[in-house]
2 protein chains.
Amino acid sequence: MTLSRAEQKEKTRRAIIDAALRQLSAGKSFDALSLREVAREADIAPTSFYRHFKDMEELGLTLVDECGLALRQIMRKGRKRIENAGSVIGTSVDTFMEFTEANPNIFRLLFHERSGTSHGLRTAVAREIQYFIVELSDYIETVGYEAESAYAQAEAMVAIVFNAGAESLDAKPAQRKEIARRAKMQLRFIASGAAQQLKPFKGKDQ
Amino acid sequence: MTLSRAEQKEKTRRAIIDAALRQLSAGKSFDALSLREVAREADIAPTSFYRHFKDMEELGLTLVDECGLALRQIMRKGRKRIENAGSVIGTSVDTFMEFTEANPNIFRLLFHERSGTSHGLRTAVAREIQYFIVELSDYIETVGYEAESAYAQAEAMVAIVFNAGAESLDAKPAQRKEIARRAKMQLRFIASGAAQQLKPFKGKDQ
DNA sequence: TATTTCAGCGTACAAGTGTACGCTTATTTG
DNA sequence: CAAATAAGCGTACACTTGTACGCTGAAATA
């Protein structure tokens with residue numbers, strides 16, 4: 001079985017991406033990766049890297065895209081679990097936490113590069129997070145909130161879930177369950193707080 | 001005016017710390033700093049670095065401690081503003097956002113190293129954040145919440161405020177105001193959501 | 001079949017890194 | 001005053017890094 005040129009190229013490209021992911025899993029942060037190291041891990045000559053990516057940054061962007069996509073797909077699957085059984089909040093948090101436990105490196109990449117040095121990567125990550133917020137915000141709107149409130153709720157919820165993910169990175173299983181439990185409580189605070197604001201006669205500032 | 005040996009040593013130590021902070025301000029992430037670079041900026045020989053820190057990591061820990069302290073002091077000052085005038089939530093968010101605007105590098109260090117490679121730095125940052133949470137949680141308890149709810153509220157609030165800080169790093173002034181406004185709304189969601197949970201009898205008529 | 005294309009390699013180089021080792025020199029101590 | 005201490009320096013070494021350049025050989029094209 002011989003591969004066409006295009007197939008072979010794609011294969012090498014994947015090898016590079018996978019090599020980078022493997023090194024991220026090994027506890028390195030993205031900007032601690034060197035081109036040579038990635039090339040070595042991918043079993044190609046350093047200079048061959050350039051046949052596929054102009055830069056380490058370009059590889060980084062690819063990684064962020066791919067990881068963001070993976071995360072979104074998981075969450076989409078999670079939504080099916082909701083339809084069958086269970087609360088929106090509970091299932092979403094569980095799905096997310098399962099993802100970060102199974103793919104700590106992917107989550108870490110997104111979370112870490114959010115405040116990274118590279119402006120390109122930062123905006124790429126911001127865009128991925130934005131997908132979550134908008135998707136959730138749209139849903140909240142359909143339940144009867146005005147756009148501004150919906151967006152604020154969605155953003156807060158995403159922030160809390162990501163925060164829980166970050167906390168759980170160094171946590172032991174027992175702590176992780178506790179973190180998930182707390183995150184759910186926090187999301188309910190937001191949901192019911194926003195609901196209260198919706199009915200202005202009950203609402204009151206502190 | 002001659003300096004004693006100890007004074008001179010302290011002075012150089014500060015020079016190193018300040019050099020590192022200056023480089024962080026220049027848009028570098030901590031683990032992109034090299035010992036030589038810091039030494040160069042501090043105007044000492046590379047090897048002199050070792051007279052003060054065993055490692056770059058040890059310097060990092062010092063930076064985190066110092067930055068965390070700075071942030072806490074600012075927030076403590078902010079609390080005085082509350083006593084004189086204004087809501088807890090509004091003033092706290094404003095104080096925090098002013099800090100991140102005035103010291104983006106310091107905030108960035110804390111936020112970034114929270115998901116960094118070095119376990120030591122990560123736990124150091126986690127501890128700094130914990131200070132905030134516990135302090136806020138204690139306050140919330142005094143207002144009549146049980147410990148678990150108070151902690152969940154405090155944690156969520158800190159997460160949201162830090163999230164707002166992270167968002168504002170790349171934001172223009174106009175957006176920054178909007179981010180602050182939204183953060184306040186989100187904190188109010190949490191406050192009133194938690195309050196509702198606390199007093200279930202008020203939810204009678206639904 | 002003859003020609004073009006291009007993924008991948010090897011070599012080479014300048015620049016940067018951490019740190020071991022021993023020296024200097026001014027302060028501190030006895 | 002003499003001896004001990006230790007901050008800071010300079011040199012040196014073994015690496016690692018990104019990338020420029022030109023070559024090779026096989027696949028694609030004509």
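Chain A is the first sequence line, chain B the second, and so forth, proteins listed ahead of strands; every chain is numbered from 1.
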Can you identify which nucleotide, out of C:dT5, C:dT28, D:dA7, has its nearest atom closest to the B:Arg51 side chain?
D:dA7
Between the side-chain atoms of A:Arg36 and the base atoms of D:dT19, is any donor-acceptor pair under 3.5 Å?
yes
A:Ile44, nearest nucleotide to its side chain (from D:dA7, C:dC9, C:dG18)
C:dC9
Rounded distance in Å - NZ (B:Lys11) to C1' (D:dG8):
14 Å
Is there a side-chain contact between A:Thr12 and the phosphate of C:dG8, meaning an N or O under 4.0 Å from OP1 or OP2?
yes
Give the rounded distance in Å between these two atoms: NE2 of B:His52 and C1' of D:dA7.
7 Å
Taking only side-chain N and O atoms of B:Gln8, does any of them lie within less than 4.0 angstrom of OP1 or OP2 on D:dA6?
no
Find the distance A:Phe49:CZ to D:dT16:P and express it as a whole number of Å.
19 Å
Counting only side-chain nitrogens and oxygens, does B:Ser34 get under 4.0 Å of the OP1 or OP2 atom of C:dT17?
yes
Taking the six-membered ring for Trp, are A:Phe111 and A:Phe162 parallel (under 30°), tilted (30 to 60°) or perpendicular (over 60°)?
parallel
Using whole Å, report how far CD of A:Glu10 lies from C1' of C:dC6.
16 Å
Which residue lies more 5' along DNA chain C, comparing B:Pro46 with A:Ala45 via nearest heavy atoms
A:Ala45
Quick one: is D:dC9 close enough that its OP1 or OP2 comes under 4.0 Å of any side-chain N or O from B:Ser48?
yes
Any chance you could measure B:Met157, atom CE, to B:Leu136, atom CG, to the nearest 0.5 Å?
6.5 Å
Write down the distance between CD (A:Glu7) and C1' (C:dA7), rounded to a whole number of angstrom.
15 Å
B:Gln196 and B:Ser192: side chain donor to acceptor below 3.5 Å
no
Phosphate oxygens OP1/OP2 of D:dG8: is one of them under 4.0 Å from a side-chain N or O of B:Thr47?
no
May I have the distance from A:Ile16 (atom CD1) to C:dA7 (atom P), rounded to whole angstrom?
11 Å
To the nearest Å, how far apart are A:Arg5 CZ and C:dA7 P?
7 Å
Hey, is A:Arg127 close enough to A:Asp65 for a salt bridge, meaning N to O under 4.0 Å?
yes
Single hit among B:Leu21, B:Asp43, B:Leu35, B:Val38 for side-chain contact (heavy atoms from CB on, under 4.5 Å) with B:Ile16
B:Val38
Any base atoms under 4.0 Å from B:Arg40, or only sugar-phosphate, or nothing? Heavy atoms, all strands.
sugar-phosphate
When rounded to whole Å, the OH to P distance for the pair A:Tyr50 and D:dC21 reads 13 Å
